[in-house]
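Counting convention: from 1, in listed order, for ligands and their atoms alike. FYI, side chains are in, hydrogens and waters are out, and symmetry mates aren't considered; it's all heavy atoms of this structure.
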Amino acid sequence: MISLKNPDQIGKMREAGALLYEVLQKLREAVKPGVSTAALDVYAEQLIRKNHAIPSFLNYQGYPASICASVDDAVVHGIPSEDQILKEGSIISIDCGLILDGWQADSAFTMGVGEISAQAEALIEITEQCFWKGVRQAVVGNRLGDIGHAVQSWAEEHGCGVIRDLTGHGIGREMHEDPAVYNFGEPGRGLRLRKGMTLAIEPMISAGDWRVTVDDDEWCYRTRDRSLCSHYEHTIAITEDGLPEILTLPGFVWKEEE
Ligand code: MF3
Ligand code: CO
């Protein structure tokens with residue numbers, strides 16, 4: 001069932017989104033060679049709780065941390081660990097979610113640890129561009145397939161793979177609501193988009209094969225060919241007219257080409 005949000009409810013999600021943005025900015029600054037992913041997780045939980053919010057990932061279906069830290073060939077759901085020390089040249093996706101006053105926000109970014117290869121840099125950039133291509137389609141009257149098609153086309157035109165096993169999602173009082181937001185699809189197909197839909201759009205893009213394996217911890221997804229993978233996510237709201245509001249990018253205004 002899809003729950004449409006009224007302006008008051010979107011206002012609550014905007015507050016949750018703004019807080020999550022602050023948390024993720026602080027985490028970006030904390031990513032350095034020598035830091036463990038467990039330290040990033042502890043820091044995230046402290047920042048969230050200090051601001052009277054709840055880490056939504058912690059204990060979600062048994063997930064043991066407040067962030068997902070997915071390094072190099074890890075796609076998503078990497079469990080932070082004391083033993084995982086960030087190394088110069090790696091890329092890390094940090095995914096985090098929180099609940100503020102009953103409303104959810106979910107966002108992720110990928111960045112380099114110190115200096116990274118040109119290829120890794122390009123993958124991160126293409127993934128962010130995939131998000132922007134997709135989110136521009138999140139307007140009233142379009143369909144879900146328009147978002148997926150835009151993401152997929154941009155990735156594949158650049159020789160990258162779209163992870164198929166995981167999707168974006170509706171979000172609101174729950175972290176995962178209907179509909180599933182595929183990162184591939186056909187234009188003009190799928191659910192019609194409506195004002196008040198709130199979605200997490202999250203392309204997961206690999207430099208090689210799109211197929212994945214899951215680690216023995218039953219959480220961490222990796223590319224099957226162990227190629228690098230990047231992930232970028234924002235929580236957005238579909239507005240009455242024009243382009244959507246990016247709830248996890250406070251103050252963002254659309255320009256001609258984004
Ligand atoms: N951001 C992830 C998603 O969009 C949530 C992580 S799943 C959890 O699905 F189990 F780690 F919470
Ligand atoms: Co999500």
Show, in sequence, the C-alpha distance, side-chain angles and deciding distance for K32 and E88, and conclude whether the salt bridge (Lys or Arg N to Asp or Glu O under 4.0 Å) test is met. CA-CA 8 Å; K32 290 183 180 66; E88 175 108 17; over 6 Å; no
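- Of all protein heavy atoms, the one lying nearest to atom 9 (O) of ligand 1 is H176 NE2, 2.7 Å.
- The cationic group of K133 lies under 6.0 Å from the six-membered ring centre of W154 and within 45° of the ring axis, placing it in a cation-pi geometry.
- Which of T167, N59, D95 comes nearest to atom 1 (N) of ligand 1 through a heavy atom is settled by distance: it is D95.
- Here A65 has no heavy atoms under 4.0 Å from ligand 1, in either its backbone or its side chain.
- Using a 4.0 Å cut-off to heavy atoms of W219, the atoms of ligand 1 that qualify are 10 (F).
- Listed by atom number, the atoms of ligand 1 under 4.0 Å from C68 heavy atoms are 6 (C), 11 (F).
- An N or O contact shorter than 3.5 Å is missing between Y63 and ligand 1 by distance.
- Using a 4.0 Å cutoff on heavy atoms, A200 does not count as a contact of ligand 1.
- Looking at R164, its side chain does come within 3.5 Å of a backbone N or O of V162 through a donor-acceptor pair.
- As for E202, its N/O/S atom nearest the Co ion (ligand 2) is the one called OE2.
- Below 3.5 Å of separation, one finds an N or O of D106 facing an N or O of ligand 1.
- Counting non-hydrogen atoms of other residues, nucleotides and ligands closer than 6.0 Å to OH of Y21 gives a total of 12 or fewer.
- With 3.5 Å as the limit, one finds no donor-acceptor pair spanning the side chains of Q137 and H149.
- Applying the salt bridge (charged side-chain N to carboxylate O under 4.0 Å, His left out) test to pairs two or more places apart or on separate chains, those with a residue in residues 43-62 are E45-R49.
- Ring centers of W254 and F252: under 6.0 Å apart, within the cut-off.
- Closest to atom 4 (O) of ligand 1 among all protein heavy atoms lies E202 OE2, 2.6 Å.
- Residue-to-ligand polar distances keep Y60 apart from ligand 1: every N/O pair is separated by 3.5 Å or more.
- The side-chain tip of R28 points at the ring of F109 from less than 6.0 angstrom away and within 45° of straight on.
- A donor-acceptor pair shorter than 3.5 Å cannot be found between the side chains of Q84 and S36.
- Checked against a 3.5 angstrom limit, the closest N/O atoms of H77 and ligand 1 fall outside it.
- Dense packing is recorded around CZ of F184, with more than 12 heavy atoms of other residues, nucleotides or ligands lying under 6.0 Å away.
- Checked by atom type, the side-chain pair H169/D106 shows a donor-acceptor distance below 3.5 Å.
- Atom OE2 is the N/O/S atom of E233 found closest to the Co ion (ligand 2).
- In summary, an N, O or S atom of D106 is located under 2.8 Å from the Co ion (ligand 2).
- Under a 4.0 Å heavy-atom criterion, Q61 is not in contact with ligand 1.
- Below 4.0 Å from some heavy atom of H169 lie the following atoms of ligand 1, by number and element: 3 (C), 4 (O), 9 (O).
- In summary, an N, O or S atom of H169 is located under 2.8 Å from the Co ion (ligand 2).
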